[in-house]
S.K.: 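If you scroll down you'll find the structure; I have some questions about it.
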Amino acid sequence: MKNLIRLFLVLLIASVGIGLHTSCSEDSDCSIAGRAMINCTLYTKDVKDEIVNDTLDSLTVTALGTDSIIINNQKKVHTLTLPLRYTSDSTIFIFYYAYKEDRTLCDTIYIKQHNVPYFESMECGYSMKQSIVGLKYSRLELDTIQIPNKQANTDGTENLKLLYRNRD
């Protein structure tokens, strides 16, 4: 009987020592990296009226009703990832464009969204599935916004195509 107890203790210590035990929390990613976002790509129309990739020289993005700066004076912007609000059925983004002529212009994008809470895990609690229901925007620099995918995601799938006026 003593040998059986010793064998059990040796196996228990050995399994702890080499990491054979597992925990539920090792598999969970409760960080902001696991949060679904909307992914935007910038485009413009060329002289032949074809849609081509675009890059903004400088962009700052804020969310109306918060003191957060989502993107702060980022240079050479072609794609961006934006969070939708959990606590509201709409999110309003303000895009500030800085130009070399020492002037700043801005566009406002109003996104109406559908939020559906779901239980993710004991470690993470509840998360939110979000999808775009509607969209309004100013047209100072923006020409058109298309919605190829309405569901916010974590895999980088494009949600919004931001088509800018030709600046040439």
S.K.: Which heavy-atom pair separates Asn159 from Gln151 by the least distance, and what is that distance?
M.R.: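 Closest heavy-atom pair between Asn159 and Gln151: ND2-O, 2.8 Å.
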S.K.: Using the test side chain to side chain donor-acceptor pair (under 3.5 Å), find all partners of Thr66 that sit at least two apart in sequence or belong to another chain.
M.R.: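 With neighbours one apart ignored, the set is empty.
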S.K.: List the atom pairs, with distances to 0.1 Å, where a side-chain N or O of residues 43-52 and a protein N or O form a donor-acceptor pair under 3.5 Å, not counting sequence neighbours.
M.R.:
from: Tyr43; atom 1: OH; to: Glu158; atom 2: OE2; distance (Å): 3.0
from: Thr44; atom 1: OG1; to: Tyr164; atom 2: O; distance (Å): 3.0
from: Asp46; atom 1: OD1; to: Lys48; atom 2: N; distance (Å): 3.0
from: Asp46; atom 1: OD1; to: Asp49; atom 2: N; distance (Å): 3.1
from: Asp46; atom 1: OD1; to: Glu50; atom 2: N; distance (Å): 2.8

S.K.: What residues form a side-chain contact (heavy atoms from CB on, under 4.5 Å) with Leu135, not counting sequence neighbours?
M.R.: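 Only Ile109, Ile111, Tyr137, Ile145, Ile147, Leu160 meet the side-chain contact (heavy atoms from CB on, under 4.5 Å) criterion with Leu135.
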S.K.: Going by salt bridge (charged side-chain N to carboxylate O under 4.0 Å, His left out), name the residues that satisfy it together with Lys75, two or more places apart in sequence or in a different chain.
M.R.: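 Lys75 satisfies salt bridge (charged side-chain N to carboxylate O under 4.0 Å, His left out) with no other residue.
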S.K.: Any side-chain heavy-atom pair from Thr41 and Lys161 closer than 4.5 angstrom?
M.R.: no
S.K.: When clusters are formed by joining ILVMFWY residues with side-chain heavy atoms under 4.5 Å apart, either directly or through shared neighbours, do Leu105 and Leu42 land in the same one?
M.R.: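 Yes; tracing contacts between hydrophobic side chains, which count when under 4.5 Å, links both residues.
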S.K.: Under the rule for side-chain contact (heavy atoms from CB on, under 4.5 Å), what residues qualify as partners of Asn72, not counting sequence neighbours?
M.R.: Thr60, Ile69
S.K.: Kindly say whether Leu163 contributes a backbone atom to a donor-acceptor pair with the side chain of Asp143 at under 3.5 angstrom?
M.R.: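 Pair absent, no side-chain N/O of Asp143 close to backbone of Leu163.
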S.K.: Applying salt bridge (charged side-chain N to carboxylate O under 4.0 Å, His left out), name anything that partners Asp54, two or more places apart in sequence or on another chain.
M.R.: Arg167
S.K.: Can you list the other members of the hydrophobic cluster that holds Met122, where links are side-chain heavy atoms under 4.5 angstrom apart?
M.R.: Phe119, Tyr126
S.K.: How would you list, by chain and number, every residue that makes a side chain to side chain donor-acceptor pair (under 3.5 Å) with Thr79, sequence neighbours excluded?
M.R.: none
S.K.: How long is the gap from CD1 on Ile70 to OG1 on Thr62, to the nearest 0.5 Å?
M.R.: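 Rounded to the nearest 0.5 Å, the CD1-OG1 separation comes out at 7.0 Å.
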S.K.: Could you grab the distance from atom NZ of Lys136 to atom OG1 of Thr108, nearest 0.5 Å is fine?
M.R.: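 One finds 13.0 Å between NZ of Lys136 and OG1 of Thr108.
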S.K.: What pair of heavy atoms forms the shortest contact from Thr55 to His78, and how long is it?
M.R.: OG1-CB, 4.1 Å
S.K.: Tell me, which pairs form a salt bridge (charged side-chain N to carboxylate O under 4.0 Å, His left out) where one or both residues lie in residues 145-157, sequence neighbours left out?
M.R.: none
S.K.: Which residues pass the side chain to side chain donor-acceptor pair (under 3.5 Å) test with Asn149, not counting sequence neighbours?
M.R.: none
S.K.: Using every non-hydrogen atom in the two residues, find where Leu59 and Ile71 come nearest and quote the distance to one decimal.
M.R.: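 So the minimum-distance heavy-atom pair works out to O-CG2, 3.5 Å.
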S.K.: With rounding to the nearest 0.5 angstrom, report the CE to CG distance, Met128 to Asn115.
M.R.: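 Output value for this atom pair is 5.0 Å.
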S.K.: When clusters are formed by joining ILVMFWY residues with side-chain heavy atoms under 4.5 Å apart, either directly or through shared neighbours, do Leu140 and Leu80 land in the same one?
M.R.: yes
S.K.: Roughly how far, to the nearest 0.5 Å, is the CG atom of Leu162 from the CD atom of Gln146?
M.R.: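 Answer rounded to 0.5 Å: 10.0 Å.
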S.K.: Taking all atoms of both residues into account, what is the closest heavy-atom pair of Cys106 and Ser138, and its distance?
M.R.: O-OG, 4.4 Å
S.K.: Can you list every salt bridge (charged side-chain N to carboxylate O under 4.0 Å, His left out) pair that touches residues 126-135, not counting sequence neighbours?
M.R.: none
S.K.: Show which side-chain atoms of residues 83-96 pair as donor or acceptor with protein atoms under 3.5 Å away, not counting sequence neighbours.
M.R.:
from: Tyr86; atom 1: OH; to: Arg35; atom 2: NE; distance (Å): 3.4
from: Ser88; atom 1: OG; to: Ser90; atom 2: N; distance (Å): 3.2
from: Ser88; atom 1: OG; to: Ser90; atom 2: O; distance (Å): 3.3
from: Asp89; atom 1: OD2; to: Lys112; atom 2: NZ; distance (Å): 2.7
from: Thr91; atom 1: OG1; to: Arg85; atom 2: N; distance (Å): 3.0
from: Thr91; atom 1: OG1; to: Gln113; atom 2: OE1; distance (Å): 3.1
from: Thr91; atom 1: OG1; to: Gln113; atom 2: NE2; distance (Å): 3.4

S.K.: For residues Leu82 and Cys40, report the shortest heavy-atom separation together with the two atoms involved.
M.R.: CD1-SG, 4.0 Å
